[in-house]
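Quick notes on the structure that follows.
The figures that follow rest on heavy atoms only: side chains count, while hydrogens, waters and symmetry mates do not.
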Amino acid sequence: MSSRGARVGLLSTAGVLVLAAAAAWGTAPSASAAAAPTITAVTGATDGGTVRGVTVVQAKVRGATDAVTFTLSGPSSDVWTERAAPYFFHGDHNGAATGWDTNRIADGRYTLTVRAAKGSAATTRTVTFTVDNGSATPTPDPTDAAGRPSVWVLSDMSIPGGGTDRDDIVTLATLSAYADKFAVERVVVGATTVGINCAKALDYARTSFGAHLPGITLASTCADGDGFTTCTAANPWLRQPPATVEALVASIRAGGLTVLNWGPMSEIAGAVCWLEHHAPADLAKVRIISHWTDPSPGYPSRGQAYNCAKDQSACDYLHQAARRAANRISLVELGGSGQRFVDEADDRCAADTSVPNNGLGALLNVTKDTGTPDMSDGATFLLLVTGGLESYVDDGTDDANFTKGFQQLCVAAPAIFDHLRTHLN
């Protein structure tokens with residue numbers, strides 16, 4: 001837990017110039033390089049990228065440190081000092097970042113200089129980015145006639161003990177308990193590049209969830225080790241998409257869609273690529289809510305466990321499609337916020353996470369590594385029924401929604417588990 005960050009007087013113009021003049025990894029002229037702490041990373045604002053809404057900016061520092069100071073310069077100015085880890089721009093509460101609300105400053109080009117000091121020794125690092133709130137494309141919110149979100153699920157579910165994570169089984173059970181809150185157009189299982197028994201995965205999904213969720217289908221790309229390649233004219237998917245990718249395109253074009261992505265991103269990448277080449281105006285109808293495709297704060301030991309490792313080309317392409325200026329998609333990256341919710345729901349979030357082992361409860365209890373059913377993928381739809389995604393960053397920026405997503409789920413945790421216990425049949 002860091003001590004509360006404190007605003008200090010804005011630096012003079014000369015002071016800012018001294019900081020900016022230092023090399024990105026350099027030290028102030030009077031500092032001793034050997035004694036200075038090292039800034040290993042600044043996350044939440046990418047050099048050359050775009051920031052909007054509430055984002056979490058963190059300086060990661062190695063070595064003894066007296067203070068870490070964030071100095072923002074541009075159309076608006078700000079200074080924030082943290083004196084104990086973790087070092088967040090605008091502070092934290094019990095280790096959970098408060099978040100920096102960029103809606104409170106003017107749009108434009110900014111430079112954030114981070115200075116870590118120990119005595120007279122200091123190191124600085126800078127990142128330059130654009131704040132763009134006023135011109136942001138509104139996140140599409142497609143609904144059915146009853147006002148329920150229209151969703152399409154892409155799950156890499158196999159079967160218990162199979163080649164992919166069992167958390168998808170728990171999450172499908174959770175979605176089943178909330179099925180009346182959504183217009184579920186299709187649930188596509190086996191959407192993975194990992195080798196699994198596709199026929200058994202489909203049979204298991206239909207047997208377990210068919211009474212609750214309509215349109216359970218096997219991914220046409222199930223266990224395809226190649227998956228999506230690149231979005232060029234040479235991609236055969238542009239001429240003849242796999243059947244479930246073609247159906248996804250048709251559903252998007254018919255009225256827009258929220259795609260809940262729980263695993264590799266090949267299927268939705270194929271659909272977006274087809275639209276880019278054949279119907280670019282329809283790209284604005286695409287919203288993807290994705291669980292943990294890239295590395296996420298709070299889980300450094302998970303290595304390559306995140307979903308992008310399984311189809312990096314698809315992941316990179318979709319992040320680019322969410323950042324471009326024209327004909328962009330909406331990509332809400334949640335990182336491991338759902339995993340943190342599962343890890344802390346019965347502790348920090350003060351929820352009773354027990355679920356009786358009957359009906360859907362037997363499926364909810366398939367895996368409980370932390371004492372809580374592992375519905376980590378469920379952050380993609382639980383956020384929609386616990387307040388929505390207003391002000392979430394939707395340009396695919398990593399880390400930006402991690403803390404916000406966790407905090408929203410944490411507040412709703414008791415109600416979520418009360419709902420599950422009353423919808424077990």
Short question: side chain of [X], backbone of [Y] - any donor-acceptor pair under 3.5 Å?
X: D346; Y: T372; value: no
X: S77; Y: S73; value: no
X: S155; Y: M157; value: yes
X: T353; Y: A351; value: no
X: R115; Y: T124; value: no
X: K285; Y: R253; value: yes
X: D399; Y: G335; value: no
X: Q407; Y: A97; value: yes
X: S251; Y: A247; value: no
X: T193; Y: G227; value: no

Is a donor from one side chain sitting under 3.5 angstrom from an acceptor on the other, for [X] and [Y]?
X: E276; Y: Y317; answer: yes
X: T130; Y: R109; answer: yes
X: T113; Y: T71; answer: no

| field | D180 with R148: basic N within carboxylate O range, under 4.0 Å | value |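 Between R148 and D180 there is no salt bridge, as every charged N stays at least 4.0 Å from the carboxylate O atoms.
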| request: Taking only Lys NZ, Arg NE, NH1 and NH2, and the carboxylate oxygens of Asp or Glu, determine whether D395 and R328 approach each other closer than 4.0 Å. | output: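 Looking at D395 and R328, the cut-off is not met.
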| Stepwise side-chain hydrogen bond (donor to acceptor under 3.5 Å, both in side chains) check, T397 with E333 | CA-CA 7 Å; T397 303; E333 279 282 7; over 6 Å; no
Nearest 0.5 Å, what's the [atom1]-[atom2] distance between [X] and [Y]?
X: N327; Y: L283; atom1: CG; atom2: CG; result: 5.5 Å
X: C315; Y: N261; atom1: SG; atom2: CG; result: 9.0 Å
X: L260; Y: L175; atom1: CG; atom2: CG; result: 7.5 Å
X: I252; Y: W274; atom1: CD1; atom2: CH2; result: 10.5 Å
X: S330; Y: Y392; atom1: OG; atom2: OH; result: 13.0 Å
X: L334; Y: L382; atom1: CG; atom2: CG; result: 10.5 Å

[Y] and [X], any side-chain heavy atoms less than 4.5 Å apart:
X: T40; Y: V61; result: no
X: C273; Y: W237; result: no
X: T174; Y: L364; result: yes
X: F129; Y: T50; result: no
X: L383; Y: L389; result: yes
X: W152; Y: L257; result: yes
X: V57; Y: L112; result: yes
X: W292; Y: C308; result: no

What pair of heavy atoms forms the shortest contact from [X] to [Y], and how long is it?
X: R421; Y: D352; answer: NH1-O, 2.7 Å
X: F417; Y: P373; answer: CE2-CD, 4.1 Å
X: G270; Y: V245; answer: C-CG1, 3.7 Å
X: P37; Y: A64; answer: CB-O, 3.6 Å
X: F228; Y: S313; answer: O-CB, 3.8 Å
X: A379; Y: L409; answer: CB-CD1, 3.7 Å

| said: Below 30° counts as parallel, above 60° as perpendicular, anything between as tilted: where do the rings of H423 and H419 land? | reply: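 Taking H419 first and then H423, their aromatic rings lie parallel (interplane angle under 30°).
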| said: For F381 and F182, take the angle between the two ring planes, folded into 0 to 90°, and tell me which bin it lands in: parallel under 30, tilted 30 to 60, perpendicular over 60. | reply: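 It falls in the perpendicular class, over 60°.
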| field | R340 charged N/C atom sitting above F406 aromatic ring, 6.0 Å / 45° | value |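 Yes, cation above the ring, under 6.0 Å and within 45°.
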| query | Under the side-chain hydrogen bond (donor to acceptor under 3.5 Å, both in side chains) criterion, do Q339 and D343 qualify, and how do the steps go? | reply | CA-CA 6 Å; Q339 186 62 53; D343 290 347; 3.1 Å; yes
| query | Looking at H291 versus W262, is the centre-to-centre ring distance below 6.0 Å? | reply |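 That pair fails the under 6.0 Å test.
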| With ring centroids as reference points, do W100 and F89 lie under 6.0 angstrom apart? |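 For W100 and F89, the ring centres are under 6.0 Å apart.
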| Heavy atoms of other groups near K368 NZ, more than 12 under 6.0 Å |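 Yes, because the 6.0 Å sphere around NZ of K368 holds more than 12 heavy atoms from other groups.
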| Counting heavy atoms not belonging to R324, are there more than 12 under 6.0 Å from its CZ? |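 Counting neighbours around CZ of R324, more than 12 heavy atoms of other residues, nucleotides or ligands fall under 6.0 Å, so yes.
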| task | Before giving the answer on salt bridge (charged side-chain N to carboxylate O under 4.0 Å, His left out), spell out for K310 and D156 the whole-Å C-alpha distance, their side-chain angles and the decisive distance to 0.1 Å. | result | CA-CA 11 Å; K310 299 172 184 175; D156 59 347; 3.8 Å; yes
| request: Applying side-chain contact (heavy atoms from CB on, under 4.5 Å) between D394 and each of I288, I289, V332, report the one that passes. | output: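 Between D394 and the candidates, side-chain contact (heavy atoms from CB on, under 4.5 Å) is satisfied uniquely by V332.
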